2 protein chains.
Amino acid sequence: MSATTDSASTAPTQRHPSQSPDSVGIVTPQVMTFDEPFTLECNRTLPRFELVYETYGTLNANKSNAILICHALSGSHHAAGYHSVDDKKAGWWDNMIGAGKPIDTRKFFVVCLNNIGSCYGSTGPASINPDTGEVYGPDFPLVTIKDWVRTQAMFSDRLDIEVWHAIVGGSMGGMQALQWSVDYPTRLKRCVIIASTPKLSAQNIAFNEVARQSILSDPDFNEGYYLKAGTYPRRGLILARMVGHITYLTDEAMRAKFGRDLKSGKFMYGYDVEFQVESYLRYQGERFSENFDANTYLLMTKALDYFDPTRGYVNDSTEPTTSQNSHDNSDNEQDRHALTQTLERTECRFLVVSFTTDWRFAPERSREIVDALMATHKPVSYVNVDAPHGHDSFLFDIPRYFDAIRGFLTAK
Amino acid sequence: MSATTDSASTAPTQRHPSQSPDSVGIVTPQVMTFDEPFTLECNRTLPRFELVYETYGTLNANKSNAILICHALSGSHHAAGYHSVDDKKAGWWDNMIGAGKPIDTRKFFVVCLNNIGSCYGSTGPASINPDTGEVYGPDFPLVTIKDWVRTQAMFSDRLDIEVWHAIVGGSMGGMQALQWSVDYPTRLKRCVIIASTPKLSAQNIAFNEVARQSILSDPDFNEGYYLKAGTYPRRGLILARMVGHITYLTDEAMRAKFGRDLKSGKFMYGYDVEFQVESYLRYQGERFSENFDANTYLLMTKALDYFDPTRGYVNDSTEPTTSQNSHDNSDNEQDRHALTQTLERTECRFLVVSFTTDWRFAPERSREIVDALMATHKPVSYVNVDAPHGHDSFLFDIPRYFDAIRGFLTAK
């Protein structure tokens, strides 16, 4: 409406992108409250919790067109659209979700919720602990991918969605989709696992550990009680994000973007920013540190480390071990067997997508999932998409990738 | 002698490894003092400096059998042998240097010096500034690879070694060897460049920047005056080393060593060490922080970032730039041309060695050097060694690698 009014003036018409015909438009987050105690995998209990979520499109009469989006480490429930006409930034997967987009809101009812433990509105370390009346802070229990999936299933019950048309996620979101297929095999028809892995490698854990130590060793962390202390581990969070950010990109993508360009055109022989890549990393780290909670970052990296969909489904031989022996091909064989055995339970169709330049969760990791599914004769499509953006590729509009998602979601 | 005495007792004979026939034995570092002012590339001047060095083997009469070893970031002049019979740890390249070893001390006079700016005895940030009578700390000027090579040339003059039989280095040591071939083309007959690169990539710089920010943002850093303040940026140095260490290894090597093994056998759902790989990284970081100077670490990473052997040898078009444009193939072409043009000056034979799993300085980076040398018709041998240890491979005893070094050094 305001666009029509504006066009009468002499000023150039500035239509807000929420008014674009393929946008889901202005969206309003909703809150769902769970007043029952919820016991987590770590054996600790949340007395109650809230989930913040958004929906796009319309649920059909027989509730068969619902798609659940699972977010990654720094993601939120705000996957598409805008929160107001002043909002400059769209949801994090706005290029994927909308009218005519791969996840087509003319056909599908799309739901995205913020996971517990996060810092965008669902119950997490920055929430008030009803038992004490104070902020949880570091007393918020560690949460696993399996816990998230269980809260998502409870959420589905409340929406009265018995079976999801599809559950879709990239990176840590893909882990949730995979866990869904194992824990609730009859509750999803399609599972889309993008740029993900069946579990973290030692190197993945090592990078997470550097990020955690950056935060934990920041004197302003105050053992997690920084809100109470009136401090904030900003330096630690900046470092954590910087190291994370490097793993989301590729050497080649960074070269293409920054090369060895200097900020001032000459060497300064000091420790201020000299190369453009330094400037970019610091800026990204600083911006992130202003919008993210440090306790949440710690918790999220642990959820990643712990992820192993085979846990609870296979015999003792694949349980965590303290073995100091070297890990040879028989370990690989055992891992493959455990994953295959676990995925036998699944009843949905799978689409697995990897990106050629992703070295955080490399294509080989996606193929482990594909191979295990094939070994147990499950319907799986796999696309390894040629893309230069590394792990971040899953957020880019890449035709082959988007076509694969679109086709998989609409195929009979 | 003591071994003979010991063997008379009933206790099992414990011969110290310095007494092994292939060891260079007990070595004593020496100091060379340069009392003239030395102006660095950054245009600042050291009033005087000292170099600590060790030598192994015997210089022949016509001084034609001398080999210079250049050390890497955390290396020192102590490349081989032991400092005493109580010394438990050999020099950092003891498997490479000794009687019958690839750098054979029966044939060659081997020299290794500690570079200025380092913290193992040569003049550096922890030394006394003669102008003020106080520790340099952060006032120690930034040093470049070219500066190091110039001090090494001055050192060669004082040893009266006009021409080195070979100059050999791995990683940052390889950069020094390469710089020698360009800056002093007539002063070396052979140049051995191992696991190195013609210059750092944006990703390399990014990892260095994370390491630097870890140290710089540690409140105990006190802008570099930590010695004066009685503090030490231990946390920052630990983080810097942890992130560095990950880049020296490979995902595969870490998997083979640690897998996803847990320290206590079960998940603890907390932030203490859980996975073996975390334990290993923290230990490595802590040990390093006890033995290394933070200002030196900063300086070394900058020397890496600045390295570009073409600087000063090519026209303006390859000078540092502030361009924000994307970097396409024409940049690559320009880089190749600049390197080729620079290497035209060289007069020695080259051996370039890379390792298949090295992702810090990947084989492609070594091949850039090889390609440029071939383009200007210089004699170069290249070996890409199959090794699982990533960048660290250059410190391992790998037969094909050692054979290549041995053969190159002795070939007529």
Side-chain angles (χ1 to χ4, degrees), chain A residues 41-42 44 141-142 199-207 209-210 212-214 216-217 219 235 238-239 242-243 246 249-251 254-267 269-271 274-278 281-282 298 302 305-306 308 320-324 326-328 331 359, chain B residues 41-42 44 141-142 199-207 209-210 212-214 216-217 219 235 238-239 242-243 246 249-251 254-267 269-271 274-278 281-282 285 298 302 305-306 308 320-324 326-328 331:
Chain A
E41 259 202 289
C42 68
R44 291 180 56 198
L142 287 198
K199 56 185 171 184
L200 261 62
S201 69
Q203 190 191 64
N204 294 148
I205 295 171
F207 275 120
E209 173 65 2
V210 172
R212 279 192 294 270
Q213 286 302 316
S214 299
L216 293 166
S217 72
R235 288 167 300 216
I238 290 173
L239 285 173
M242 284 173 77
V243 72
I246 298 175
L249 304 177
T250 65
D251 193 9
M254 290 175 107
R255 194 199 65 79
K257 199 164 179 174
F258 311 108
R260 290 174 50 88
D261 288 349
L262 296 171
K263 214 175 168 214
S264 71
K266 62 184 172 100
F267 290 154
Y269 297 106
Y271 299 118
E274 287 203 286
F275 292 94
Q276 293 289 1
V277 65
E278 297 171 321
L281 271 188
R282 286 196 203 177
L298 293 173
K302 274 304 214 184
D305 289 1
Y306 289 146
D308 180 356
T321 167
T322 52
S323 156
Q324 297 273 4
S326 71
H327 298 259
D328 54 14
D331 289 281
W359 63 279
Chain B
E41 258 203 289
C42 68
R44 290 180 56 198
L142 288 197
K199 56 185 171 184
L200 261 61
S201 70
Q203 190 190 64
N204 294 149
I205 295 171
F207 275 120
E209 173 64 3
V210 171
R212 280 191 293 270
Q213 286 302 314
S214 300
L216 292 167
S217 73
R235 290 168 300 217
I238 290 174
L239 286 172
M242 285 173 76
V243 72
I246 297 175
L249 304 178
T250 65
D251 192 10
M254 291 175 106
R255 194 199 65 78
K257 197 162 182 177
F258 311 109
R260 290 173 50 86
D261 287 349
L262 296 170
K263 212 175 169 211
S264 72
K266 63 184 170 100
F267 291 153
Y269 297 108
Y271 299 118
E274 288 202 287
F275 293 93
Q276 294 288 3
V277 64
E278 297 171 321
L281 272 188
R282 286 194 204 177
L298 293 173
K302 274 305 214 184
D305 289 1
Y306 290 145
D308 180 355
T321 166
T322 52
S323 156
Q324 295 273 3
S326 70
H327 300 259
D328 54 15
D331 290 282

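These numbers were taken from a predicted model, which means no experiment stands behind them. Heavy-atom basis, side chains included; hydrogens, waters and symmetry copies ignored.
- Counting heavy-atom pairs closer than 4.5 Å to chain A, the top residue among B:Ile246, B:Leu216, B:Asn204 is B:Ile246.
- The ring pair (Phe, Tyr, Trp, His ring centres under 6.0 Å) check on A:Phe275 picks up nothing, with sequence neighbours excluded.
- Judged by distance alone, the side chain of B:Arg260 and the main-chain N or O of A:Asp305 form a donor-acceptor pair under 3.5 Å.
- In terms of heavy atoms, B:Val277 sits closest to A:Ala206 at CG2-CB, 4.2 Å.
- For the pair A:Arg235 and B:Pro219, the tightest heavy-atom approach, listed with the atom from each and the gap, is NH1-CG, 3.5 Å.
- Contact between A:Leu142 and B:Gly270 at its shortest, heavy atoms only, is CD1-N, 3.5 Å.
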Derivation and outcome, side chain to side chain contact (heavy atoms under 4.5 Å, CB included), residues B:Lys302 and A:Tyr271: CA-CA 8 Å; B:Lys302 274 305 214 184; A:Tyr271 299 118; 3.5 Å; yes
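- Contact detail for B:Val243 and A:Val243: the closest heavy-atom pair is CG2-CG2, 3.7 Å.
- Scanning all heavy atoms of the two residues, the minimum distance from A:Ser217 to B:Leu239 falls at OG-CD1, 3.9 Å.
- Contacts between B:Leu298 and chain A at a heavy-atom distance below 4.5 Å involve backbone atoms as well as side-chain atoms.
- For A:Ala202 against B:Asp251, the heavy-atom pair with the smallest separation is N-OD1, 4.3 Å.
- Side-chain contact between A:Ile205 and B:Glu278: present, with at least one pair of heavy atoms (C-beta onward) separated by less than 4.5 Å.
- Interface residue B:Leu200: backbone and side-chain heavy atoms are both found under 4.5 Å from chain A.
- Checked against side chain to side chain donor-acceptor pair (under 3.5 Å), B:Arg282 has the following partners two or more places apart in sequence or in another chain: A:Glu209.
- Using a 30° and 60° split on the angle between ring planes, B:Phe207 and A:Phe207 fall in the parallel class, below 30°.
- When each of A:Glu274, A:Glu41, A:Arg44 is scored by its heavy-atom pairs under 4.5 Å with chain B, the top score falls to A:Glu274.
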